[in-house]
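What follows is one structure encoded as structure tokens, with my remarks underneath.
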Amino acid sequence: MATLICPEEYSPVTDAEAIRKACKGWGTDEKALISILGHRNASQRKIIRKTYEEMYNEDLMKRLESELSGHFEKAVYRWMLDPQERDAVILHVAIKEKPILDYTSIIELSCIYSPHDFLSVKCTYQARYKRSLEEDLAQHCTGELRKLLLSVVGTYRYAGDEIDVKLAKSEADVIYNAIKSKEFNHEEIVRIITTRSKTQLRATLNRYKDDYASSLTKYLRDDGEKTANAFLGALRTIIRCITYDPQAYYEKVIRRALMKSGTDEASVTRVIVSRAENDLGVIKELYYKRNSVSLDHAISKHTSGDYMNFLLTLLGNKK
């Protein structure tokens, strides 16, 4: 259930003219930009970009980058990209533009998306940056974490619903024996977690819980080593992305982002911008049930200014 509110009929020429007017003069009219761009779907935004360039011989994306700043600029920029372009940018930023590699964003896309959809994102990444996702990831990551992430992004998981019950039992035992020996980075754990179909892996993890009276993630705890912390954190994230419903997973991401002492705007932006045309309405409902407060209220409390107004618009609560 999408939250985006947009008109069925609109004029890309009128929108381009209004955007141009909002960006001219001494100060940018951010309110005008939000009222237009925050109410247009992906296909409409694509046409507006093309129309603006044809009318003014100028790249709208570059214009917006120069006019806006901060979290607001990042949110608007990603919103204006085609969905696969946006995902490619998210991956690139996660790998190359942060002090510490952001494995969460990488795992989200590789494990929540269907194998076909993620392959399309990888193709877009390669076309945009002239390097493969695996190539950049290998260059900016090391050790066991690199092995884990390369496996998860490089595998085209089978997407069928078939379950092999005997295999689920045997692989649950393999995982248990490795965990019992504290071999968290055991090659069989990595192989099972990163290559099995989602349906088969869920069956294995359910069997593990039934046979050993605990979820696997309970035992994947940090042991004080920074490398191990990242590895175990990534392993837990993979399991959550595969075992949770996507909406429940994203609700948890945005809840944690808003609960931090300093709001994690990058995660807030990623969820709202990427899900507004898909299932953000369901995520909003789950957020309210879990927290007894609306997501709109939480966004108003933990963000501010044009950034806040833009997010609220995508949430369907600003005209």
Side-chain angles (χ1 to χ4, degrees), residues 1-4 41-42 75 78-79 81-91 93-94 102-122 124-125 133 148-149 152-153 155-161 163 193-206 209 215-217 220 233-259 264 266-291 294-296 298-299 311 314-316:
M1 180 170 61
T3 55
L4 178 66
N41 62 34
R78 294 187 182 183
W79 176 246
L81 292 169
D82 291 339
Q84 289 183 346
E85 280 186 293
R86 179 192 308 137
D87 292 334
V89 168
I90 288 172
L91 289 170
V93 170
D102 174 18
Y103 61 76
T104 300
S105 298
I106 299 166
I107 291 169
E108 281 178 14
L109 293 174
S110 61
C111 292
I112 292 178
Y113 281 20
S114 71
H116 177 75
D117 288 343
F118 185 60
L119 180 60
S120 296
V121 172
K122 287 170 63 177
T124 302
Y125 184 101
L133 173 63
L148 177 65
L149 294 179
V152 79
V153 304
T155 299
Y156 191 95
R157 293 181 189 267
Y158 174 62
D161 294 328
I163 294 175
I193 297 298
T194 61
T195 65
R196 291 299 183 198
S197 72
K198 294 180 182 181
T199 306
Q200 181 65 39
L201 185 54
R202 290 187 191 111
T204 297
L205 295 174
N206 287 335
K209 187 174 183 179
S215 66
L216 175 58
T217 53
L220 300 177
L235 204 57
R236 290 195 301 270
T237 302
I238 293 170
I239 293 171
R240 291 188 183 114
C241 285
I242 288 176
T243 57
Y244 284 24
D245 287 333
Q247 295 79 21
Y249 173 80
Y250 284 121
E251 185 280 327
K252 188 170 187 175
V253 170
I254 201 166
R255 170 164 37 94
R256 287 185 169 183
L258 293 171
M259 286 173 60
D264 178 2
S267 294
V268 172
T269 297
R270 186 173 74 251
V271 174
I272 292 180
V273 168
S274 64
R275 310 314 298 180
E277 294 183 79
N278 297 286
D279 52 9
L280 189 54
V282 178
I283 295 169
K284 284 178 64 174
E285 292 176 355
L286 291 174
Y287 188 92
Y288 182 79
K289 290 178 182 178
R290 177 67 174 76
N291 304 282
S294 70
L295 180 55
D296 313 90
I299 292 296
L311 295 182
L314 298 187
L315 281 163

Spacing of [atom1] belonging to [X] relative to [atom2] belonging to [Y], to within rounding of 0.5 Å:
X      : Y      : atom1 : atom2 : answer
Arg256 : Thr104 : CZ    : OG1   : 9.5 Å
Arg78  : Arg270 : CZ    : CZ    : 8.5 Å
Tyr249 : Thr243 : OH    : OG1   : 10.5 Å
Asp117 : Ile112 : CG    : CD1   : 12.5 Å
Thr194 : Ile238 : OG1   : CD1   : 7.0 Å
Glu108 : Tyr113 : CD    : OH    : 9.0 Å

Within a strict 4.5 Å, meaning less than it, do heavy atoms of the [X] and [Y] side chains meet?
X      : Y      : result
Tyr156 : His116 : yes
Val152 : Cys111 : yes
Lys284 : Met1   : no
Leu235 : Leu216 : no
Val268 : Leu311 : yes
Thr195 : Arg157 : no
Trp79  : Glu277 : yes

Keeping the roles fixed (side chain from [X], backbone from [Y]), state whether a donor-acceptor pair exists under 3.5 Å.
X      : Y      : value
Ser267 : Asp264 : no
Arg196 : Leu201 : no
Lys198 : Cys241 : no
Thr3   : Leu314 : yes
Glu85  : Asp82  : yes

Looking at every heavy atom in both [X] and [Y], which two are closest together, and how far apart are they?
X      : Y      : result
Ala75  : Val273 : O-CG2, 3.9 Å
Lys252 : Tyr244 : NZ-OH, 3.3 Å
Arg86  : Leu81  : NH2-O, 3.6 Å
Ile106 : Leu91  : CA-CD2, 3.8 Å
Val282 : Gln247 : CG1-CG, 3.6 Å
Ser105 : Ala94  : CB-CB, 4.1 Å

- Task: Could you give me the CA-CA distance, side-chain angles and deciding distance for Tyr103 and Leu148, then say whether side chain to side chain contact (heavy atoms under 4.5 Å, CB included) is met?
- Result: CA-CA 10 Å; Tyr103 61 76; Leu148 177 65; over 6 Å; no
- In sequence, state the C-alpha distance, the side-chain angles, and the governing distance for Ile163 and Arg202, and then conclude on side chain to side chain contact (heavy atoms under 4.5 Å, CB included). CA-CA 9 Å; Ile163 294 175; Arg202 290 187 191 111; over 6 Å; no
- Task: Would you sort out whether Leu258 and Ile299 count as a side chain to side chain contact (heavy atoms under 4.5 Å, CB included), showing the intermediate values?
- Result: CA-CA 8 Å; Leu258 293 171; Ile299 292 296; 4.2 Å; yes
- Task: Might you work through the side chain to side chain contact (heavy atoms under 4.5 Å, CB included) test for Thr124 and Asp87, ending with a clear yes or no?
- Result: CA-CA 9 Å; Thr124 302; Asp87 292 334; over 6 Å; no
- Task: Considering only NZ, NE, NH1 and NH2 on the basic side and carboxylate oxygens on the acidic side, decide whether Lys289 and Glu285 come within less than 4.0 Å.
- Result: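 Salt bridge absent between Lys289 and Glu285.
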